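Before any comments, here is the structure.
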Amino acid sequence: MEKLLSVLDSIGIPYAYDHFTEGESPEPPFLCYLLPGSSNFSADGKVYHRISEVRLELYTDCKDLDSEEKVEAALDAAGIFYNKTETWIDSEKLYEVLYSFDMEGM
C-alpha cells in the first residue's frame with residue numbers, strides 16, 4: 001500500500017479512496033482509487049504472494065492530456081504496467097480515464 005500511496009503522492013493531483021465525501025470533492029482534475037479484487041498466488045493452500053487489482057480513476061471536466069501525462073509518467077516511473085480506458089459520464093459532466101493494473105505485496 002505504501003508504494004501505491006507514494007505513486008499517488010508523486011502525481012500531484014488530489015486523490016481519495018473510492019470517492020470524496022459529499023461537498024468535499026475538489027475541482028477537477030482529481031483521482032479516486034479502488035482495490036476491487038485480488039489475483040493472489042497460492043502455495044501449500046495459503047496465500048504465498050499477494051497481488052491486488054488496482055483501479056485508478058482520473059476525473060476531468062474536459063479532455064486533459066497534461067493530467068493524463070502526469071498519471072502515466074508516475075506509473076511508468078514506478079514500473080507499473082497498466083491498461084487505460086476512457087468514458088464520458090454524462091450525469092456528472094466529467095471524463096473518467098481509468099487505469100487498471102495489478103500491484104504486488106498489498
Side-chain angles (χ1 to χ4, degrees):
M1 186 66 142
E2 288 178 30
K3 181 180 179 182
L4 177 59
L5 295 178
S6 176
V7 169
L8 292 171
D9 287 337
S10 75
I11 296 170
I13 296 175
Y15 65 87
Y17 183 79
D18 190 51
H19 65 280
F20 287 89
T21 57
E22 190 169 334
E24 298 296 318
S25 179
E27 290 296 315
F30 60 88
L31 297 163
C32 293
Y33 70 98
L34 302 144
L35 306 172
S38 64
S39 298
N40 295 333
F41 180 77
S42 67
D44 299 324
K46 298 180 182 179
V47 174
Y48 178 75
H49 191 70
R50 296 181 192 278
I51 303 171
S52 294
E53 177 186 349
V54 180
R55 292 186 186 159
L56 180 57
E57 302 165 344
L58 170 64
Y59 292 97
T60 60
D61 52 6
C62 61
K63 181 68 174 167
D64 188 341
L65 294 174
D66 290 336
S67 293
E68 290 179 42
E69 177 56 34
K70 287 180 184 179
V71 172
E72 292 166 19
L75 295 174
D76 291 343
I80 296 171
F81 174 80
Y82 57 88
N83 287 302
K84 173 181 167 180
T85 59
E86 179 180 309
T87 190
W88 169 253
I89 304 172
D90 195 48
S91 63
E92 301 293 329
K93 303 297 186 221
L94 292 172
Y95 282 100
E96 177 195 73
V97 179
L98 172 64
Y99 297 89
S100 302
F101 53 93
D102 290 334
M103 186 166 264
E104 297 179 7
M106 293 182 52

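For the single chain, residues carry numbers from 1 onward in sequence order. Note that this is a predicted model, so its numbers are computed, not measured.
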*Closest approach of Pro29 and Pro14, non-hydrogen atoms and distance?*
O-CD, 3.8 Å
*Give, for atom CD1 of Ile89 and atom CD of Glu57, the distance between the pair rounded to the nearest 0.5 Å.*
7.5 Å
_Same apolar cluster: Tyr59 and Val71, side chain cutoff 4.5 Å_ = no
*asked:* Looking at Lys3 and Glu104, is there a salt bridge between them, counting it only when a charged N and a carboxylate O are closer than 4.0 Å?
replied: no
*Answer yes if Ile11 and Met1 sit in the same cluster of Ile, Leu, Val, Met, Phe, Trp and Tyr residues linked by side chain heavy atoms under 4.5 Å apart, and no otherwise.*
yes
*Rounded distance [0.5 Å steps], OG in Ser52 versus CG in Leu34*: 12.5 Å
_Would Leu58 and Lys70 count as a side chain to side chain contact (heavy atoms under 4.5 Å, CB included) here? Give the steps._
CA-CA 11 Å; Leu58 170 64; Lys70 287 180 184 179; over 6 Å; no
*asked:* Is it the case that the ring center of Tyr33 lies less than 6.0 angstrom away from the ring center of Tyr17?
replied: yes
*Is any side-chain heavy atom of Asp9 closer than 4.5 Å to a side-chain heavy atom of Tyr15?*
yes
_Shortest non-hydrogen contact from Ile13 toward Phe30_ = CG2-CA, 3.6 Å
*Go through the steps to decide whether Val54 and Leu35 satisfy the test side chain to side chain contact (heavy atoms under 4.5 Å, CB included), and finish with yes or no.*
CA-CA 5 Å; Val54 180; Leu35 306 172; 3.6 Å; yes
*Leu75, Leu5: one ILVMFWY side-chain cluster at the under-4.5 Å cut-off?*
yes
*Do you know which two heavy atoms are closest between Ser25 and Phe20, and how far apart they sit?*
CA-CB, 3.7 Å
*Could you tell me the separation between the OG1 atom of Thr87 and the CD atom of Glu96, rounded to the nearest 0.5 Å?*
7.0 Å
*asked:* Measuring from atom OG1 of Thr21 to atom NE2 of His19, what distance do you get when rounded to the nearest 0.5 angstrom?
replied: 7.0 Å
*asked:* Whether Arg55 and Glu53 form a salt bridge (side-chain N of Lys/Arg under 4.0 Å from carboxylate O of Asp/Glu) is what I want to check.
replied: yes
*Spacing of SG belonging to Cys62 relative to NZ belonging to Lys93, to within rounding of 0.5 Å*: 14.5 Å
*asked:* Test side chain to side chain contact (heavy atoms under 4.5 Å, CB included) on Glu68 and Lys63; report intermediate values, then the result.
replied: CA-CA 9 Å; Glu68 290 179 42; Lys63 181 68 174 167; 2.7 Å; yes
*asked:* Any heavy-atom pair between the side chains of Leu56 and Leu8 that's under 4.5 Å?
replied: yes
*Might you point out which heavy atoms bring Pro28 and Thr60 nearest each other, and give the distance in Å?*
CB-CA, 3.9 Å
*Might you point out which heavy atoms bring Trp88 and Asp61 nearest each other, and give the distance in Å?*
CZ3-O, 4.4 Å
*Should we say atom CD of Glu86 is surrounded by more than 12 heavy atoms from elsewhere, each under 6.0 Å from it?*
yes
*Output the distance between atom CZ (Phe101) and atom CD1 (Ile80), rounded to the nearest 0.5 Å.*
5.0 Å
*Given the rule in the side chain to side chain contact (heavy atoms under 4.5 Å, CB included) test, do Tyr82 and Asp76 qualify, once you have shown the distances and angles that lead to the verdict?*
CA-CA 9 Å; Tyr82 57 88; Asp76 291 343; 3.3 Å; yes
